[in-house]
Student: 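One structure follows; several queries about it will come next.
From a predicted model like this one, the values you see are computed outputs, not experimental measurements. All chains are named by letter (A, B, ...) in the order of the sequence lines, taking the proteins before the strands, and each is independently numbered beginning at 1.
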Amino acid sequence: MKIATWNVNSIRARHDRALAWLDKHRPDVRCLQELKVIDDVFPVEAMAEAGYHAAVHGQKTYNGVAILSRSEPADVQRGLDDDVDDPQARLIAAEIEGVHVLSAYVPNGQEVGSDKWAYKLAWFERLGAYLDRRFSPTDAVVLCGDLNVAPDDTDVANPEPWADSVLCHPDARDALERVRAWGLVDVFRKHHPAGGIYSWWDYRRLAFPKNDGLRIDHILATEPMAKRSTDAAVDRDERKGTKPSDHAPVIAEFT
DNA sequence: ATGGTTGCTTAGCAA
């Protein structure tokens with residue numbers, strides 16, 4: 001079972017790339033983030049023609065997440081389903097072939113100390129509570145998405161200038177670690193323990209040609225699924241060429 | 001050198 005995740009940075013701007021990637025890689029499941037469209041605008045028919053079901057939790061202009069799958073998804077759930085009044089579409093979950101797959105777009109946080117930063121840290125807490133409420137670490141669960149945190153400095157090409165950024169701040173790393181410690185394995189890390197492989201490069205400052213990247217897109221899995229994982233990769237080529245997303249897809253293989 | 005890019009929506013925000 002091949003599971004991929006990609007922050008598309010607008011499904012309208014990435015429509016053709018998204019379809020070309022599906023045809024080339026044929027994953028069983030593909031999680032998407034930052035759709036930037038309402039449900040009605042998501043290209044459900046084009047995905048169906050490519051052979052994929054689409055479970056969509058859209059939002060106008062910002063955010064929006066989806067799960068594409070070759071087999072029909074069951075038990076689709078949108079949002080964190082807690083008592084917080086939150087209009088931002090950042091989580092969708094579905095069961096696919098017995099595996100609970102989550103597509104998450106964790107808040108960026110904008111600037112350490114800002115309101116958006118507090119929302120980011122709180123969102124991680126709410127995600128942890130959601131996992132604990134809905135699942136057990138012995139279930140087959142795969143959490144995919146743009147988690148907007150580089151877990152440690154091996155995931156950052158140039159750690160020094162990023163040290164106190166929203167992507168690397170110790171409080172952000174602690175927040176991700178608390179979610180992971182519930183019972184998740186960093187599947188990409190399992191196969192690439194040395195680090196030095198990134199999933200996001202800023203559009204500015206020639207970050208991609210200089211490989212000034214960070215690994216902030218992740219595939220985390222509970223132990224039963226982590227045991228089934230055989231390989232993981234970043235498709236760096238997808239960041240090349242005209243009109244790429246600023247994120248590259250991450251892919252994991254499971255038996 | 002206090003910069004630079006992209007996308008959505010149309011000048012300002014978010015990333």
Side-chain angles (χ1 to χ4, degrees), chain A residues 5-21 31-43 46 56-66 79-80 86-92 103-124 127 144-151 155-169 171-173 175-176 198-218 234-250:
Chain A
T5 184
W6 188 34
N7 179 321
V8 291
N9 186 19
S10 166
I11 191 61
R12 273 189 292 227
R14 234 61 64 193
H15 179 272
D16 292 354
R17 275 185 178 260
L19 287 169
W21 198 93
C31 296
L32 300 174
Q33 301 89 37
E34 273 209 275
L35 306 176
K36 298 187 174 182
V37 294
I38 59 172
D39 290 10
D40 290 350
V41 179
F42 187 88
V56 181
H57 185 29
Q59 184 184 331
K60 180 181 162 71
T61 310
Y62 303 116
N63 311 315
V65 288
L80 282 163
D86 186 351
Q88 301 195 29
R90 295 181 174 276
L91 184 73
I92 188 167
S103 179
Y105 177 43
V106 171
N108 170 282
Q110 196 164 62
E111 188 177 348
V112 173
S114 66
D115 289 350
K116 291 189 173 69
W117 172 249
Y119 175 66
K120 176 180 193 169
L121 298 181
W123 204 91
F124 268 119
L127 177 61
C144 300
D146 177 0
L147 305 188
N148 263 318
V149 176
D155 301 307
V156 187
N158 300 113
E160 275 192 28
W162 289 98
D164 295 320
S165 72
V166 293
L167 305 180
C168 298
H169 191 281
D171 291 352
R173 287 177 168 171
L176 173 58
Y198 316 117
S199 67
W200 172 81
W201 300 260
D202 200 308
Y203 284 126
R204 298 165 289 184
R205 297 170 239 200
L206 300 173
F208 186 66
K210 295 195 289 196
N211 198 27
D212 180 12
L214 294 87
R215 189 174 70 99
I216 59 175
D217 300 271
H218 300 286
V234 169
D235 180 18
R236 201 173 183 285
D237 287 345
E238 179 56 40
R239 183 62 174 77
K240 300 176 180 174
T242 54
K243 299 260 284 178
S245 170
D246 44 352
H247 296 253
V250 182

Student: How would you list all residue pairs meeting salt bridge (charged side-chain N to carboxylate O under 4.0 Å, His left out) that involve residues 107-122 of chain A, not counting sequence neighbours?
Tutor: none

Student: What is the distance, to the nearest angstrom, from the NZ atom on A/Lys116 to the C1' atom on B/dA15?
Tutor: 11 Å

Student: For A/Asp86, what residues pass the salt bridge (Lys or Arg N to Asp or Glu O under 4.0 Å) criterion, not counting sequence neighbours?
Tutor: A/Arg126

Student: What interatomic distance, in whole Å, is found between C1' of B/dG12 and the corresponding atom of B/dA1?
Tutor: 25 Å

Student: Sticking with atom P, work out how far B/dT2 lies from B/dG7, rounded to a whole angstrom.
Tutor: 26 Å

Student: Starting at atom CD of A/Gln88, determine the distance to atom C1' of B/dA15, rounded to an integer number of angstrom.
Tutor: 13 Å

Student: Can you list the residues that meet the salt bridge (Lys or Arg N to Asp or Glu O under 4.0 Å) rule with A/Lys240, with sequence neighbours excluded?
Tutor: A/Asp237

Student: Looking only at atom C1', what distance separates B/dT9 and B/dA14, rounded to whole Å?
Tutor: 12 Å

Student: Taking atom P of B/dA15 as reference, at what distance in whole Å does atom CG of A/Asp146 sit?
Tutor: 10 Å

Student: A/Asp39: what forms a salt bridge (Lys or Arg N to Asp or Glu O under 4.0 Å) with it, not counting sequence neighbours?
Tutor: none

Student: Tell me, please, which residues at least two apart from A/Trp117 pass side chain to side chain donor-acceptor pair (under 3.5 Å).
Tutor: none

Student: Kindly say whether A/Pro249 contributes a backbone atom to a donor-acceptor pair with the side chain of A/Glu238 at under 3.5 angstrom?
Tutor: no

Student: Write down the distance between CD1 (A/Ile38) and P (B/dT9), rounded to a whole number of angstrom.
Tutor: 10 Å

Student: Let's see if you get this right: which residues in residues 105-113 of chain A place a heavy atom under 4.0 Å from DNA chain B?
Tutor: A/Tyr105, A/Asn108, A/Gln110

Student: Write down the distance between CZ (A/Arg12) and C1' (B/dC8), rounded to a whole number of angstrom.
Tutor: 8 Å

Student: Please give, in whole Å, the distance from B/dA14 C1' to A/Asp246 CG?
Tutor: 11 Å

Student: Between the protein and nucleotides 4-7 of chain B, are there any N/O to N/O pairs under 3.5 Å, and if so, what are the atom names and distances?
Tutor:
unit_1, atom_1, unit_2, atom_2, d
B/dG4, N7, A/Arg205, NE, 3.1
B/dT5, O4', A/Tyr203, O, 3.4
B/dG7, OP1, A/Arg14, NH1, 3.1
B/dG7, OP1, A/Arg14, NH2, 3.3
B/dG7, OP2, A/Lys243, NZ, 3.3
B/dG7, O3', A/Ser10, OG, 3.3

Student: What integer distance in Å separates A/Gln59:CD from B/dC13:C1'?
Tutor: 14 Å

Student: Can you measure A/Ile216 atom CD1 to B/dA14 atom P for me and round it to whole angstrom units?
Tutor: 18 Å

Student: So does A/Asn63 get a backbone contact from the side chain of A/Arg90, meaning a donor-acceptor N/O pair under 3.5 Å?
Tutor: no

Student: List in chain and number order the residues that pass salt bridge (Lys or Arg N to Asp or Glu O under 4.0 Å) with A/Arg239, two or more places apart in sequence or in another chain; answer none if no residue qualifies.
Tutor: none

Student: Got a list of side-chain donor-acceptor pairs under 3.5 Å for residues 207-217 of chain A, not counting sequence neighbours?
Tutor:
unit_1, atom_1, unit_2, atom_2, d
A/Lys210, NZ, A/Arg205, O, 3.4
A/Asn211, OD1, A/Trp201, NE1, 2.9
A/Asn211, OD1, A/Arg236, NH2, 3.2
A/Arg215, NE, A/Asp155, OD1, 2.8
A/Arg215, NH1, A/Asp186, OD1, 3.2
A/Arg215, NH1, A/Asp186, OD2, 3.3
A/Arg215, NH1, A/His218, ND1, 3.4
A/Arg215, NH2, A/Asp155, OD1, 3.3
A/Arg215, NH2, A/Asp186, OD2, 2.8
A/Asp217, OD1, A/His247, ND1, 3.2
A/Asp217, OD2, A/Ser199, OG, 2.6
A/Asp217, OD2, A/His247, ND1, 2.9

